[in-house]
Amino acid sequence: MARKTGSHAEITGPRIRAAALRLFARHGYAAVSMRQIASEVGVQAGALYTYTPDKQALLFDLMRVHMENLLESWAAEAVFGDPWERLEGFTRFHVRYHLDRPDEVFISYMELRNLDTDNFRAVEALRRRYEMQLQDILADGAKVGCFTVPDTKVATMGIIAMLTGVSTWFRDTGRLSRSDVEGIYWDMTRRSVSSRFTDLPA
């Protein structure tokens with residue numbers, strides 16, 4: 001992405017990306033124009049091209065940064081121990097991280113179809129790196145007999161889809177706290193990988 005040097009760019013560039021994030025999440029990528037993004041930021045439409053080549057580059061940048069930050073955050077918080085401990089750590093991390101980023105989550109899943117081929121491949125590669133974190137946990141648990149998982153790849157996709165869905169309905173003003181939600185999702189996750197509930201950890 002093109003960058004303008006100087007302190008003004010350090011302010012305007014992030015404002016453009018924040019405006020694009022809000023508008024893409026609210027209206028959808030296809031319905032948002034560069035003129036709308038410029039208006040949201042309070043600059044002339046032509047000024048946007050000092051900071052980004054085009055709308056596609058903005059979308060790709062938002063998705064790429066989201067996935068890179070997700071991977072970096074998990075690397076910093078990853079839980080070590082037996083498969084149950086690692087699975088609980090991943091579950092709680094994923095729920096907690098995504099609750100704070102509903103717009104990024106929406107765009108990352110709903111706007112993949114609007115990426116061009118090269119950008120799609122780059123984002124998909126980052127997504128696979130993250131998915132492999134969970135897939136490795138499930139594979140290790142299945143190997144030592146902790147988990148009953150007929151297909152670790154399918155289980156990975158199912159669990160991530162379930163956990164990510166929390167960002168579509170949770171509200172801080174609701175009856176459940178974030179801690180409550182983490183616990184509920186952990187209970188559902190652990191039950192999904194065990195055929196006998198008596199085998200579940202306390």
Side-chain contact test, heavy atoms from C-beta onward, threshold under 4.5 Å: evaluate it for [X] versus [Y] and give yes or no.
| X | Y | value |
| --- | --- | --- |
| T12 | T50 | no |
| R17 | Y51 | no |
| I184 | L176 | yes |

Applying side chain to side chain contact (heavy atoms under 4.5 Å, CB included), name anything that partners [X], two or more places apart in sequence or on another chain.
| X | result |
| --- | --- |
| S39 | none |
| R121 | T117, D118 |
| A19 | R22, I37, E40, V41 |
| E131 | R127, R128, T156, M157, I160 |

Would a hydrophobic clustering, with Ile, Leu, Val, Met, Phe, Trp and Tyr connected at side-chain separations under 4.5 Å, put [X] with [Y]?
| X | Y | answer |
| --- | --- | --- |
| L87 | V79 | no |
| M188 | W169 | yes |
| V65 | L58 | no |

Between [X] and [Y], which heavy-atom pair has the shortest distance, and what is it?
| X | Y | result |
| --- | --- | --- |
| P150 | T148 | CD-O, 3.8 Å |
| L138 | F147 | O-CD1, 3.7 Å |
| G165 | Y185 | C-OH, 4.4 Å |
| P102 | S167 | CB-O, 4.0 Å |
| D82 | W84 | OD1-N, 3.0 Å |

Sequence neighbours left out, what pairs pass salt bridge (charged side-chain N to carboxylate O under 4.0 Å, His left out) with at least one residue falling in [range]?
| range | value |
| --- | --- |
| residues 144-155 | none |
| residues 94-103 | E77-R96, R96-E182, D100-R178 |
| residues 23-32 | none |

Run the ring pair (Phe, Tyr, Trp, His ring centres under 6.0 Å) test against Y97 and tell me which residues pass, sequence neighbours left out. F93
Could you tell me which residues satisfy ring pair (Phe, Tyr, Trp, His ring centres under 6.0 Å) with F90, sequence neighbours excluded, listed by chain and number?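 For F90, the residues satisfying ring pair (Phe, Tyr, Trp, His ring centres under 6.0 Å) (neighbours in sequence not counted) are W74, H94, Y130.
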Got a sec, which residues hit salt bridge (Lys or Arg N to Asp or Glu O under 4.0 Å) with E85, two or more places apart in sequence or on another chain?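 Checked E85 against salt bridge (Lys or Arg N to Asp or Glu O under 4.0 Å); zero matches.
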Going by the side chain to side chain donor-acceptor pair (under 3.5 Å) test, which pairs reach into residues 134-143, not counting sequence neighbours?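 Only R86-D140 qualify under side chain to side chain donor-acceptor pair (under 3.5 Å).
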Table please: side-chain donor-acceptor pairs of residues 104-112 below 3.5 Å, with sequence neighbours left out.
from: S108; atom 1: OG; to: E104; atom 2: O; distance (Å): 2.9
from: E111; atom 1: OE1; to: N114; atom 2: ND2; distance (Å): 2.6
from: E111; atom 1: OE2; to: Y29; atom 2: N; distance (Å): 3.0

Just how far is it from atom [atom1] of [X] to atom [atom2] of [Y], taken to the nearest 0.5 Å?
| X | Y | atom1 | atom2 | answer |
| --- | --- | --- | --- | --- |
| L126 | H66 | CG | NE2 | 10.5 Å |
| K55 | R35 | NZ | CZ | 13.0 Å |
| T189 | L163 | OG1 | CG | 4.5 Å |
| F170 | S177 | CZ | OG | 7.0 Å |
| D61 | N119 | CG | CG | 10.0 Å |
| T164 | L99 | OG1 | CG | 10.5 Å |

Have a look at L70 and tell me which of Q133, H98, R129 forms a side chain to side chain contact (heavy atoms under 4.5 Å, CB included) with it.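 One option only clears the test, and that one is H98.
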